[in-house]
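To start, the structure itself, in structure tokens.
Not measured: the values here are computed from a predicted model. Letters A, B, ... mirror the listed sequences (proteins, then strands); counts begin at 1.
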2 protein chains.
Amino acid sequence: MDPYDSKILQLLSQNARMKWADLAASIGLSAPAAAERVSRLMDQGVIKHFSTIVDPESVGCDLAAFVAVSLERPEHRGKFLALIEKLAEVQECHHIAGDDDYLLKVRCRNTKDLDRVVSHEIKSLPGIIRTKTTIVMDTIKESTEVALQSHKFSS
Amino acid sequence: MDPYDSKILQLLSQNARMKWADLAASIGLSAPAAAERVSRLMDQGVIKHFSTIVDPESVGCDLAAFVAVSLERPEHRGKFLALIEKLAEVQECHHIAGDDDYLLKVRCRNTKDLDRVVSHEIKSLPGIIRTKTTIVMDTIKESTEVALQSHKFSS
DNA sequence: AGTGAAATCTGGACGTT
DNA sequence: AACGTCCAGATTTCACT
């Protein structure tokens, strides 16, 4: 990957509202050149969007949990995925290899709220064989940054 | 929570580079008032930072995995957490309840790269009893947005 | 705490190297 | 492909409500 683009992604990951002039100065380019690279990265889909990272506990989301879900048959997938997409408490959903089918990351107010999401919302669907919930006691690291390699890859 | 702040967090989560004027117009406030609320939310720590969400596959991070880690004794924690903090491939580290101690979310280039991170970097530490790696085959949802409740919470 | 206007600064367009 | 200039528009400050 272009070293300029790599640096741009790194700096913008840390501060998405950085001024083009500051970004440009940090990488040794002029502001228009830096801005053009950013819009190109957006067009290419390398930059998905700019987001604001909110402290969950400051807004009453005190509980995090991982929920492994096993589905009975593929025909139940559609409804399941539609529900997952709808639920704001489900931050992530990954299709995984191994004993279970999906691994969800859930953030909600408290254990009662988690019970509502898991037992009432998710388990109410047909085809859910089982769920295994793992409570997060403390989050030590939570980054949105992607490890950028110095070596080449497809551009 | 203040309904203005709630709306601000929601809108900025979707687009952190939104102009204050546009943000203000969307919530029915003037630009200076909106900007002041944002800086107050930053001072309070409600907004942790503004981040750019990069498509992992576009930058050669094709593999995601969850790694559960069991530590032998508390005295090995310090070195383990220092390593976790250092490794860019480890995006998240949660202290969890249950059979294992920590759950890591890892993003890296390929299975060989995952082997380097898990087998060489992490397992080389003293006190690691075992690791259980779960490969992610597909990521269906991955959001940084926090579910904001309409009801009150501490401010 | 929010508004509106003024001064300042930023960002996108264009022409040049 | 990057730079520098120019102008429209956004941000910030300030006085006022």
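- Running 5' to 3' along DNA chain C, contacts with non-hydrogen atoms of chain A at under 4.0 Å begin and end at dT10(C) to dA13(C).
- Near DNA chain D, meaning a heavy atom under 4.0 Å from it, residues 46-55 of chain B has no residue at all.
- Annotation: side chain of Lys105(A) is in contact with side chain of Glu92(B) (closest heavy-atom distance under 4.5 Å).
- Ile122(A) is listed as a side-chain neighbour of Val117(A), based on a closest heavy-atom distance under 4.5 Å.
- The pair Glu142(B)-Lys48(A) does not count as a salt bridge, with every side-chain nitrogen at least 4.0 angstrom from each carboxylate oxygen.
- The residue Arg37(A) sits close only to the backbone: its heavy atoms come under 4.0 Å of sugar-phosphate atoms, none of a base.
- Residues Val46(B) and Asp55(A) have side chains not in contact (no heavy-atom distance under 4.5 Å, counting atoms from C-beta outward).
- Two residues are said to be in side-chain contact when any heavy atoms from C-beta on lie closer than 4.5 Å; Arg37(A) and Asp2(A) meet this criterion.
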Which atom pairs, one a donor and one an acceptor, fall under 3.5 Å between side chains of residues 8-24 of chain A and the rest of the protein, sequence neighbours left out?
| from | atom 1 | to | atom 2 | distance (Å) |
| --- | --- | --- | --- | --- |
| Ser13(A) | OG | Leu9(A) | O | 2.7 |
| Asn15(A) | OD1 | Arg17(A) | N | 3.1 |
| Arg17(A) | NH1 | Ala16(B) | O | 2.7 |
| Arg17(A) | NH1 | Met18(B) | O | 2.8 |

Listed pairs under 3.5 Å, donor-acceptor, residues 70-81 of chain B side chains, sequence neighbours left out:
| from | atom 1 | to | atom 2 | distance (Å) |
| --- | --- | --- | --- | --- |
| Ser70(B) | OG | Asp100(B) | OD1 | 2.7 |
| Arg73(B) | NH1 | Glu75(B) | OE2 | 2.4 |
| Arg77(B) | NE | Tyr102(B) | OH | 3.2 |

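- Gln91(A) places a side-chain heavy atom less than 4.5 Å from the side chain of Val146(B).
- Panel note: side chain Lys141(B), backbone Cys93(A); no donor-acceptor pair is recorded below 3.5 Å.
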What is the per-nucleotide protein-contact pattern of nucleotides 3-17 of chain D, from the 5' end, where B denotes a base atom under 4.0 Å from a protein heavy atom, S denotes such proximity for sugar-phosphate atoms only, and - denotes neither? BB-----SSBB----
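- Remark: Glu36(B) CD is loosely packed, at most 12 non-hydrogen atoms of other residues, nucleotides or ligands lying under 6.0 Å away.
- From one end of the helix from dA1(C)-dT17(D) to dT17(C)-dA1(D) to the other, with five pairs defining each end axis, the axis direction shifts by 30° (rounded to 10°).
- Salt bridge status for Arg116(A) with Asp113(A): present, with a side-chain N to carboxylate O gap under 4.0 Å.
- Under the 4.5 Å side-chain criterion, counting only non-hydrogen atoms from C-beta, Asp62(A) is not in contact with Asn110(A).
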